[in-house]
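Here is how names work: the chains are called A, B, and so on, in the same order as the sequence lines, proteins then strands, and each is numbered from 1. Since we're looking at a predicted model, the values are computed, not measured.
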Number of protein chains: 2
Amino acid sequence: MAGSHTLAETESQITSRLSHMTLDFEAMAVTSNLFRAASAVRNHFERNVLAESGLSWTAFVVMWVTWIWEPAETRDIAEESGISKATLTGVLKTLEKMGLAERSRSDADGRLVLVNLTEKGHKLMETLFPAFNRQEIEISSLIPAADRANFADMLRLLTNYTQDQAK
Amino acid sequence: MAGSHTLAETESQITSRLSHMTLDFEAMAVTSNLFRAASAVRNHFERNVLAESGLSWTAFVVMWVTWIWEPAETRDIAEESGISKATLTGVLKTLEKMGLAERSRSDADGRLVLVNLTEKGHKLMETLFPAFNRQEIEISSLIPAADRANFADMLRLLTNYTQDQAK
DNA sequence: TCGAGATTGTTCGGATACGAATAATCTCAG
DNA sequence: CTGAGATTATTCGTATCCGAACAATCTCGA
């Protein structure tokens, strides 16, 4: 756990405070660092790439998924973006308010809602996505090239397992 | 990106839609899967371990950090938990309301706030943490044992780099 | 001793996040 | 043809999340 204490200090304090318990430090390290890293990376992107266009990480991801698959169904966008449909409704409201996306009810099935980016949304993605990808390259270069694909695969293992458990 | 499309379908569609752009798929895979995995793991823990005691992931982490370092200063808790001080104020309000933690102003420095778990908070952690750690073991066992420590180290690289950039 | 600058925690506004409840729509078996 | 069951998106309530602004406190150099 990064923070005001070193890793050694942290493990030492944990051992001292919880000596009556069996702990798996390695297991703790996997989950706590996963969440810390994701949080830190999201904040980094929001501050350095997305702030200028007023987008949150999730708003960007939703625009990205829509850009790739449009016209996209909201149930698919939510799943591809890893957020609930309730959350997507709110994020799309924000994007519509910014004039970046538009929704319409499907002709084929009245339950479904389709989403497209607006022209303004397309223009934004043409410049924002390359900047975002450059930052992705910078960040991922911290991971040794030989480990990178494996790292992504291990992350997918975690996602797939926990999401399968939810079904 | 896990979702309603396979990885191959996704990369194919991206290539087809954005053929005018150079893309680094590997870089994209690192950041998008990092966030997806973290989100999925958090939801998994909230549903399967934390829901019963009404705690969110972050509320648990704050309790955990406080348990280890108490009496803990709020600036340190926020840093160790990877959240802002503004967020911590809100989370501590929630924990106080639940009777699980208490705050007091430091005698030594009037700017600082100290936090302790209450007796009820300690009791909860005595049973909740082992259950949480068991789930951590289950989740991390998805990562091959030989890769686990390295995986956590790579995550720390991402966190440290992005947080250093924020300073 | 004093004041500028720094640090701390809180409040505010607005965005994300989700489960549960709800209404609308579709499917399919009888 | 009809109704039960399933699926969809939205609303609601509540929690988290953060940056900016603010008030209180501390430090340190002049």
Colleague: Would you mind reading off the distance between Leu112(B) atom CG and dT10(C) atom P, rounded to a whole angstrom?
Modeller: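 Going from Leu112(B) (CG) to dT10(C) (P), I get 11 Å.
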
Colleague: Just jot down the side-chain contact (heavy atoms from CB on, under 4.5 Å) partners of Asp76(B), sequence neighbours excluded, or say none.
Modeller: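 In terms of side-chain contact (heavy atoms from CB on, under 4.5 Å), with neighbours along the sequence ignored, Asp76(B) is linked to Ser4(A), Glu73(B).
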
Colleague: Just how far, in rounded Å, is C1' of dA15(C) from CZ of Phe60(A)?
Modeller: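 So the two atoms are 18 Å apart, to the nearest Å.
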
Colleague: Among all residues two or more places apart in sequence or in another chain, which pass the salt bridge (charged side-chain N to carboxylate O under 4.0 Å, His left out) test with Asp153(B)?
Modeller: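 If we apply the salt bridge (charged side-chain N to carboxylate O under 4.0 Å, His left out) test to Asp153(B), skipping adjacent residues, the hits are Arg156(B).
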
Colleague: Between which nucleotides of DNA chain D, read 5' to 3', does contact with chain B run, using atoms under 4.0 Å from its heavy atoms?
Modeller: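 The contacted stretch runs from dA15(D) to dC26(D).
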
Colleague: For Phe35(A), enumerate each residue passing the ring pair (Phe, Tyr, Trp, His ring centres under 6.0 Å) test, keeping only those at least two apart in sequence or located in another chain.
Modeller: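 Expected list: Trp57(B).
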
Colleague: Once side-chain contact (heavy atoms from CB on, under 4.5 Å) is applied, do any residues pair with Ile137(B), and if so which ones, sequence neighbours excluded?
Modeller: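 Ile137(B): side-chain contact (heavy atoms from CB on, under 4.5 Å) contacts with Asp24(A), Ala27(A), Asn133(B).
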
Colleague: Which pairs count as ring-ring contact (aromatic ring centres under 6.0 Å, His included) when at least one residue sits in residues 143-162 of chain B, sequence neighbours excluded?
Modeller: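 Residue pairs with at least one partner in residues 143-162 of chain B: Phe151(A)-Phe151(B).
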
Colleague: Applying side-chain hydrogen bond (donor to acceptor under 3.5 Å, both in side chains) as the test, list every pair that has at least one member in residues 91-101 of chain B; sequence neighbours left out.
Modeller: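 Sorted pair list: Glu96(B)-Arg103(B).
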
Colleague: Nearest 0.5 angstrom please: Met154(A) CE to Met154(B) CE, how far?
Modeller: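 So the gap between those two atoms works out to 4.5 Å.
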
Colleague: Round to a whole Å and report the spacing from CZ of Phe35(B) to P of dT16(C).
Modeller: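 One finds 12 Å between P of dT16(C) and CZ of Phe35(B), rounded.
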
Colleague: Within the 4.0 Å limit for protein heavy atoms, which parts of nucleotides 18-26 of chain C are touched? Write it as a string from 5' to 3', B for base, S for sugar-phosphate only, - for none.
Modeller: BB-----BS

Colleague: Who pairs with Lys123(A) by side-chain contact (heavy atoms from CB on, under 4.5 Å), at least two apart in sequence or on another chain?
Modeller: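 Partners of Lys123(A) under the side-chain contact (heavy atoms from CB on, under 4.5 Å) test: Glu119(A).
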
Colleague: Excluding sequence neighbours, so at least two apart, what forms side-chain contact (heavy atoms from CB on, under 4.5 Å) with Thr118(A)?
Modeller: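 Only Glu102(A), Lys120(A) meet the side-chain contact (heavy atoms from CB on, under 4.5 Å) criterion with Thr118(A).
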
Colleague: In residues 88-96 of chain A, which ones come under 4.0 Å of DNA chain D, going by heavy atoms?
Modeller: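 Nucleic-acid contacts, sorted: Thr89(A), Lys93(A).
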
Colleague: Under the salt bridge (Lys or Arg N to Asp or Glu O under 4.0 Å) definition, can you give me all pairs with a residue in residues 125-146 of chain B, not counting sequence neighbours?
Modeller: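 Output for this query is empty, none listed.
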
